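Let me begin by presenting the structure, written as structure tokens, before commenting on it.
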Amino acid sequence: EQVLLGQMHLSTAARYELLDTRLTFEGAIIGNVRDPSALMSARAIFSIDDNAQAVLGGYVPVGEGVDGGIPQSEFGAYPYFAFLELKTIF
């Protein structure tokens with residue numbers, strides 16, 4: 001879930017499954033139309049078994065960053081971010 005400050009956004013997403021759905025790749029991009037900035041995300045999901053998953057992903061901002069403490073674009077001010085999740089269902 002993402003809270004957005006701008007008023008006009010475009011987005012797209014894709015998903016591709018490999019190895020009999022044990023490995024899934026997902027990607028998305030959301031862009032602000034008024035200030036040319038975007039946030040790209042990607043993740044790989046590996047299904048360990050029926051009740052466990054490992055997820056590796058990250059976010060990459062595109063656009064002008066911060067100048068003098070003032071954001072110059074909505075997504076350009078975001079940090080680069082990577083994560084690893086281990087999920088289990090009981």
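For reference, positions follow the sequence shown, starting with 1. Keep in mind the model is a prediction, meaning the values are calculated, not measured.
Under the rule for a salt bridge (charged side-chain N to carboxylate O under 4.0 Å, His left out), R22 has no partner lying at least two apart in sequence or in another chain. When the side chain to side chain contact (heavy atoms under 4.5 Å, CB included) test is applied to V66, the partners found at least two apart in sequence or on another chain are A77. With sequence neighbours excluded, the residues satisfying side chain to side chain contact (heavy atoms under 4.5 Å, CB included) with Y16 are L18.
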When you look at F75 and V62, which way does the side chain to side chain contact (heavy atoms under 4.5 Å, CB included) test go after all the steps? CA-CA 6 Å; F75 297 112; V62 177; over 6 Å; no

Could you go step by step and tell me if T24 and R15 meet the side chain to side chain contact (heavy atoms under 4.5 Å, CB included) rule? CA-CA 7 Å; T24 303; R15 179 183 176 117; 3.7 Å; yes

Taking it one step at a time, do D67 and Q72 satisfy side-chain hydrogen bond (donor to acceptor under 3.5 Å, both in side chains)? CA-CA 7 Å; D67 184 21; Q72 301 301 305; 4.6 Å; no

Side-chain donor/acceptor pairs under 3.5 Å, residues 39-46, sequence neighbours excluded:
unit_1	atom_1	unit_2	atom_2	d
R43	NE	E26	OE1	2.6
R43	NH2	E26	OE1	3.0

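Taken from CG in L84 to CG in L56, the straight-line distance is 6.0 Å, to the nearest 0.5 Å.
Residues V33 and H9 have side chains not in contact (no heavy-atom distance under 4.5 Å, counting atoms from C-beta outward).
Note: Y59 and F83 have tilted aromatic rings, judged against thresholds of 30 and 60 degrees for the angle between ring planes.
Grouping the Ile, Leu, Val, Met, Phe, Trp and Tyr side chains by contacts below 4.5 angstrom, directly or via other members, places F81 with Y78.
Sorted by first then second residue, the side chain to side chain donor-acceptor pair (under 3.5 Å) pairs that include residues 44-57, not counting sequence neighbours, number zero.
Panel note: side chain S73, backbone E64; a donor-acceptor pair is recorded below 3.5 Å.
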